[in-house]
Q: 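I have a structure I would like to understand better, so I am pasting it below and will then ask my questions one at a time.
Positions are given from 1, in the same order as the sequence printed here.
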Amino acid sequence: MTVPAPHREFLDDVLPKIRRDPRVAGVAVGGSIAHGEPDEYSDVDVVVVVDDDAFDAVTAERFALIGSWIDLVAAFTGEHVGEPRLVITLTGPRLLHVDFKFVRVADFGERTSDPKILWERDGALTRALAAAPVAKDPLDEQWLEDRFWVWVHYAATKLGRGELFDVLGFLAFLRETVLGPLIAARAGGSPRGVRRLEFLAPEEARELRATVCGYDAKEAGAAVLASIELYRRWRGDVERRDRAEELAVRYLADVLEPAAR
């Protein structure tokens, strides 16, 4: 695997600093580096594995610790992505996005993909991975079907009211939450929003362009209709909410009809 020079230099510099802390049992990387597909625009996903009994103390110090390891430009925690153990940072002076995730040894085996171990003390990380299988994070298409037509009705109400910024945000939400993951699942990839769709499934990614529009009511309506068409084509074997689909699509048509005249 070829790691871009800035990423490799960063890891070569930071790893010895982290290892000096006796409370750290090991260091791993996840993301594109672990998957063997990094490029110059990739983040660095560092997993700092901490002895269980020292985890609370390390958590309380983590900003100071990170500041002692790197040239810290900015940092904040990852509650917005459902991961409070994560500290999202920029390091400088040549900017590099680095995520530091602090986990207990006991929790290191809980994962949806395998990380790459860079260093470990006494085999602690290897044992943790061997003790627990990878827990795949499959796309729950029934969860999508149960919600999709409610979301379509929401978009129609915003179109009717003329809240086009909200409609544009909604279309991005559908690509991120529904259409992108469906494309990835069909192509055998991980459902990670719209990440790497242009490379994973270029034909479907081209079709997805129909869901992108400018600040224009007619264009926005067409993009919502395109989203519905693609969802119908790409959804799998689910218990279909036919009545919700029929009524939501009819409601949308009623909203769009005056604009079509």
Side-chain angles (χ1 to χ4, degrees), residues 1-4 7-8 11 28-47 78 80-83 86 88 97-99 101 103 107-118 125-126 128-149 151-152 170-212 223-241 245:
M1 177 181 62
T2 302
V3 178
H7 301 64
R8 184 179 64 252
L11 290 170
V29 289
S32 58
I33 293 178
H35 299 151
E37 53 184 24
D39 60 29
E40 62 179 308
Y41 304 107
S42 296
D43 303 341
V44 182
D45 299 292
V46 178
V47 184
H80 66 292
V81 292
E83 184 49 89
L86 188 69
I88 299 164
H97 179 136
V98 182
D99 292 340
K101 182 178 178 181
V103 303
D107 297 330
F108 180 64
E110 298 176 1
R111 65 204 188 278
T112 57
S113 63
D114 281 327
K116 179 179 177 61
I117 298 172
L118 299 182
L125 277 61
T126 298
L129 294 182
V134 174
K136 294 297 183 182
D137 188 18
L139 179 64
D140 187 345
E141 294 194 33
Q142 188 63 56
W143 186 92
L144 298 178
E145 173 70 11
D146 292 344
R147 291 158 176 77
F148 187 81
W149 305 110
W151 291 335
V152 167
F170 167 79
L171 288 164
F173 166 80
L174 278 191
R175 288 191 295 273
E176 181 76 20
T177 306
V178 181
L179 300 174
L182 285 174
I183 291 172
R186 285 162 54 89
S190 298
R192 298 186 295 161
V194 293
R195 292 284 304 277
R196 296 184 179 269
L197 288 186
E198 292 89 346
F199 312 105
L200 181 65
E203 180 58 37
E204 288 83 354
R206 279 191 290 272
E207 293 186 86
L208 199 60
R209 296 177 190 173
T211 70
V212 180
V224 174
L225 290 172
S227 299
I228 293 171
E229 179 191 353
L230 293 175
Y231 174 71
R232 283 169 165 166
R233 285 172 46 198
W234 293 339
R235 66 181 165 182
D237 185 15
V238 296
E239 181 181 348
R240 299 190 177 185
R241 305 307 183 192
E245 177 176 352

Q: Identify which one of Val29, Val44, Val98, Asp43 satisfies the side-chain contact (heavy atoms from CB on, under 4.5 Å) criterion when paired with His7.
A: Val44
Q: Measure the CD1-CG distance between Ile183 and Leu208 for me, rounded to the nearest 0.5 Å.
A: 4.5 Å
Q: Atom CG of residue position Asp39 - does it have more than 12 heavy atoms of other residues, nucleotides or ligands inside 6.0 Å?
A: yes
Q: Between His35 and Lys116, is the side-chain contact (heavy atoms from CB on, under 4.5 Å) condition met? List the steps.
A: CA-CA 8 Å; His35 299 151; Lys116 179 179 177 61; over 6 Å; no
Q: Considering all heavy atoms of both residues, which atom of Ser227 and which atom of Leu171 are nearest to each other, and what is their separation?
A: OG-CD2, 3.6 Å
Q: Tell me, do Trp149 and Tyr231 make a side-chain contact under 4.5 Å, heavy atoms counted?
A: yes
Q: In chain order, what residues pass the salt bridge (Lys or Arg N to Asp or Glu O under 4.0 Å) check against Glu141, with sequence neighbours excluded?
A: none
Q: For residues Leu11 and Ile33, determine if any side-chain heavy atom of one lies less than 4.5 Å from a side-chain heavy atom of the other.
A: yes
Q: If we only count heavy atoms from C-beta on, is the Leu197 to Glu204 side-chain gap below 4.5 Å?
A: no
Q: Mind checking whether Val47 and Val103 have side chains closer than 4.5 Å, heavy atoms only?
A: yes
Q: Is the backbone of Ala205 close enough, under 3.5 Å, to the side chain of Arg209 for a donor and an acceptor to pair up by distance?
A: no
Q: Decide yes or no for Leu86 and Val81: does some side-chain heavy atom of the first lie under 4.5 Å from some side-chain heavy atom of the second?
A: yes
Q: Are any of the side-chain nitrogens in Asp45 or Lys101 under 4.0 Å away from the carboxylate oxygens of its partner?
A: no
Q: For the backbone of Ser42 and the side chain of His97, can you confirm whether one donor and one acceptor N or O come within less than 3.5 Å of each other?
A: no
Q: Go through the steps for Trp234 and Glu207 under the test side-chain contact (heavy atoms from CB on, under 4.5 Å), then give the verdict.
A: CA-CA 12 Å; Trp234 293 339; Glu207 293 186 86; 4.0 Å; yes
Q: Listed by chain and number, what are the side chain to side chain contact (heavy atoms under 4.5 Å, CB included) partners of Pro115, not counting sequence neighbours?
A: Ala28, Phe108, Arg111, Leu129
Q: Could you tell me whether Glu203 and Arg206 have a side-chain N and a carboxylate O separated by less than 4.0 Å?
A: yes
Q: With a 4.0 Å cut-off on N to O distance, would you call Arg240 and Glu245 a salt bridge?
A: no
Q: Would you check if the side chain of Thr177 reaches a backbone N or O of Leu174 as a donor-acceptor pair within less than 3.5 Å?
A: no
Q: Keeping to residues at least two apart or across chains, list the side chain to side chain donor-acceptor pair (under 3.5 Å) pairs with something in residues 184-199.
A: none
Q: Counting distance only, does the side-chain N/O of Arg175 pair as donor-acceptor with the main-chain N or O of Thr211 below 3.5 Å?
A: yes
Q: Got a donor-acceptor contact below 3.5 angstrom from the Arg8 side chain to the Val3 backbone?
A: yes
Q: Checking Thr126 against Ile117 for the side-chain contact (heavy atoms from CB on, under 4.5 Å) test, could you report, in this order, the C-alpha distance in whole Å, the side-chain angles of both residues, the deciding distance, and whether it holds?
A: CA-CA 8 Å; Thr126 298; Ile117 298 172; 3.8 Å; yes
Q: Once rounded to the nearest 0.5 Å, what's the spacing between atom CZ of Phe148 and atom CZ of Arg235?
A: 8.5 Å
Q: If I take atom CD from residue Glu145 and atom CD from residue Glu239, how far apart are they, to the nearest 0.5 angstrom?
A: 9.0 Å
Q: Verify the neighbour count for atom CZ of Phe173: are there more than 12 heavy atoms of other residues, nucleotides or ligands below 6.0 Å?
A: yes
Q: Decide side-chain contact (heavy atoms from CB on, under 4.5 Å) for Leu182 and Leu144; before the verdict, give the C-alpha distance in whole Å, the side-chain angles of both, and the deciding distance to 0.1 Å.
A: CA-CA 10 Å; Leu182 285 174; Leu144 298 178; 4.2 Å; yes
Q: Write down the atom of Val134, the atom of Thr112, and the distance for their closest heavy-atom approach.
A: CG1-O, 3.2 Å
